[in-house]
Novice: 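Next up is a structure, given as structure tokens.
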Amino acid sequence: MPAAGALYRRALLGALPGTGGRRSSEPPPVRLTVSGVPVDLDHLADYDRVCGFRLADRLPPTYPHVMGFPLALRLMTAPEFPVPLTGVVHVANRITVHRPVAVGETLDFEAYAENLRPHDRGRQLDVVLVGSVGGEEVWRGVSTYLSRERRGGGGERRDRAAEAVRPAASATWRLTPRVGTDYARVSGDHNPIHTSRLGARLFGFPRPIAHGMWSKARCLAALENRLPDAFTVAVAFKLPVPLPGAVAFGGTPAGEGWDFALHDARTPRPHLTGTVR
């Protein structure tokens with residue numbers, strides 16, 4: 001796997017005036033692959049602790065995203081990638097688990113980008129990460145990123161694919177700043193908006209905000225005993241989760257799946273809405 005630290009340094013240098021290079025108007029026509037990636041059991045246990053999953057002989061549904069994240073990051077920091085990594089907003093994520101993945105299995109990962117499209121606030125595109133075992137696709141993640149630009153592209157205002165009715169709250173979680181630093185350590189996502197008050201202020205946030213994928217993982221951990229062996233979980237990231245803070249979680253059965261949401265503990269404003277189907 002590529003080294004995430006070097007990729008973040010490349011992204012920051014590329015954001016300096018005159019150093020970004022020429023960006024393409026289309027997603028790069030490449031697919032990056034890494035084969036034979038094993039599960040680090042100590043790292044998995046640390047991830048489980050940070051996100052609230054119990055220790056088990058199968059991977060949490062969000063863990064392959066962490067395993068393959070450096071490959072997706074390598075793709076997004078390429079000079080020809082159509083939008084700069086600095087300043088992009090993760091607005092939606094969809095994960096399909098085709099079957100449980102055992103902790104003893106090794107995975108092959110493939111990453112590519114597609115579907116660059118206009119948005120009311122700029123442009124957005126999908127970064128796809130696929131996990132396979134022995135040539136069989138067992139896991140797929142699609143992350144939608146928004147590049148905020150002064151002149152909007154005239155498209156939809158937000159991705160509505162993961163909209164859900166917000167259920168009543170059933171639990172309140174009090175979050176400390178360690179949510180940002182701990183998840184950065186286990187995920188490799190060291191974006192300073194999650195770990196530094198100064199870094200957050202540079203991007204317009206008064207204090208650090210939780211990673212979107214931590215929020216998704218924490219919600220799935222709350223539903224862990226009720227998830228089927230194969231499913232698709234889609235979320236829309238609505239509003240940042242400030243750290244420290246308090247959030248309320250709620251989940252409601254919907255047919256054979258679930259609707260769930262995370263919202264401010266004091267107001268009905270949603271931070272995240274999601275579905276399991």
Side-chain angles (χ1 to χ4, degrees), residues 1-9 32-77 90 93 95-111 127 129-134 136-141 143 173-196 208-227 229 231 233 235 241 243-244 249:
M1 279 291 179
L7 296 176
Y8 274 112
R9 288 191 292 272
L32 305 182
T33 62
V34 173
S35 300
V37 181
V39 176
D40 183 324
L41 295 181
D42 290 335
H43 181 266
L44 174 59
D46 197 14
Y47 177 86
D48 287 343
R49 181 187 63 79
V50 170
C51 297
F53 291 105
R54 59 184 174 84
L55 295 176
D57 59 0
R58 61 174 62 179
L59 300 184
T62 47
Y63 189 68
H65 173 88
V66 169
M67 293 179 68
F69 179 72
L71 196 63
L73 190 61
R74 172 64 181 83
L75 180 73
M76 297 176 67
T77 53
H90 195 180
N93 177 268
I95 288 174
T96 298
V97 178
H98 296 292
R99 68 160 175 83
V101 181
V103 297
E105 295 184 287
T106 59
L107 285 88
D108 303 328
F109 284 101
E110 179 182 51
V127 175
L129 183 66
V130 179
S132 301
V133 175
E136 172 199 7
E137 180 179 317
V138 296
W139 183 95
R140 174 178 291 258
S143 293
W173 302 328
R174 302 195 178 278
L175 312 179
T176 71
R178 286 198 59 178
V179 166
T181 55
D182 285 352
Y183 189 79
R185 186 188 71 252
V186 298
S187 68
D189 184 349
H190 293 279
N191 189 323
I193 66 174
H194 304 301
T195 59
S196 162
I209 61 174
H211 296 74
M213 289 304 294
W214 176 87
S215 299
K216 179 173 184 175
R218 185 66 186 86
C219 289
L220 288 176
L223 298 172
E224 187 173 16
N225 294 330
R226 302 159 189 169
L227 297 176
D229 286 344
F231 60 93
V233 52
V235 302
V241 176
L243 300 173
F249 167 80

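Keep in mind that this is a model prediction, so the values were computed, not measured.
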Novice: Does a sphere of radius 6.0 Å around CZ in Arg178 hold more than 12 heavy atoms from other residues, nucleotides or ligands, not counting ones at 6.0 Å or beyond?
Specialist: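 Count not over threshold, so no.
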
Novice: Does the side chain of Asp229 come within less than 4.5 Å of Arg99's, by heavy atoms?
Specialist: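 A side-chain contact is absent here, since even the closest heavy-atom pair is not under 4.5 Å.
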
Novice: Can you label the angle between the Tyr183 ring and the Tyr47 ring as parallel, tilted or perpendicular, going by 30° and 60°?
Specialist: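 Tyr183 and Tyr47: tilted rings.
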
Novice: Does a side-chain heavy-atom distance below 4.5 Å link Leu223 with Phe249?
Specialist: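 Contact flag for Leu223/Phe249 side chains = yes.
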
Novice: Roughly how far, to the nearest 0.5 Å, is the NE2 atom of His90 from the CG atom of Asp189?
Specialist: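 Rounded to the nearest 0.5 Å, the CG-NE2 separation comes to 9.5 Å.
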
Novice: Less than 4.5 Å apart, any side-chain heavy atom of Glu136 and any of Val138?
Specialist: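 SC-SC contact between Glu136 and Val138 confirmed.
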
Novice: Which pair of heavy atoms, one from Asp108 and one from Ser35, lies closest together, and at what distance?
Specialist: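 Asp108 and Ser35 have their closest heavy atoms at OD1-CA, 3.2 Å.
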
Novice: Would you name the heavy atoms of Phe231 and Pro61 that are closest together and state the gap between them?
Specialist: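 Minimum heavy-atom contact is CZ-CB, 3.8 Å.
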
Novice: What is the distance from atom OG1 of Thr62 to atom CG of Asn93, rounded to the nearest 0.5 Å?
Specialist: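 One gets 9.0 Å once the value is rounded to the nearest 0.5 Å.
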
Novice: Could you tell me the separation between the NE2 atom of His43 and the OG atom of Ser187, rounded to the nearest 0.5 Å?
Specialist: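 If I round to the nearest 0.5 Å, the distance is 7.5 Å.
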
Novice: So Val66 and Met213, do their side chains get closer than 4.5 Å, heavy atoms only?
Specialist: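 Not touching, per the 4.5 Å side-chain cut-off.
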
Novice: Checking side-chain contact (heavy atoms from CB on, under 4.5 Å) against Pro64, which of Leu59, Val39, Val37 comes through?
Specialist: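 Exactly one option meets the side-chain contact (heavy atoms from CB on, under 4.5 Å) with Pro64, and it is Leu59.
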
Novice: Is the shortest heavy-atom distance from the side chain of Leu129 to the side chain of Trp139 under 4.5 Å?
Specialist: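 Counting from C-beta outward, Leu129 and Trp139 do come under 4.5 Å.
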
Novice: Would you call the rings of His194 and His211 parallel, tilted or perpendicular, taking 30° and 60° as the class edges?
Specialist: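 Geometry flag for His211 against His194: parallel rings.
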
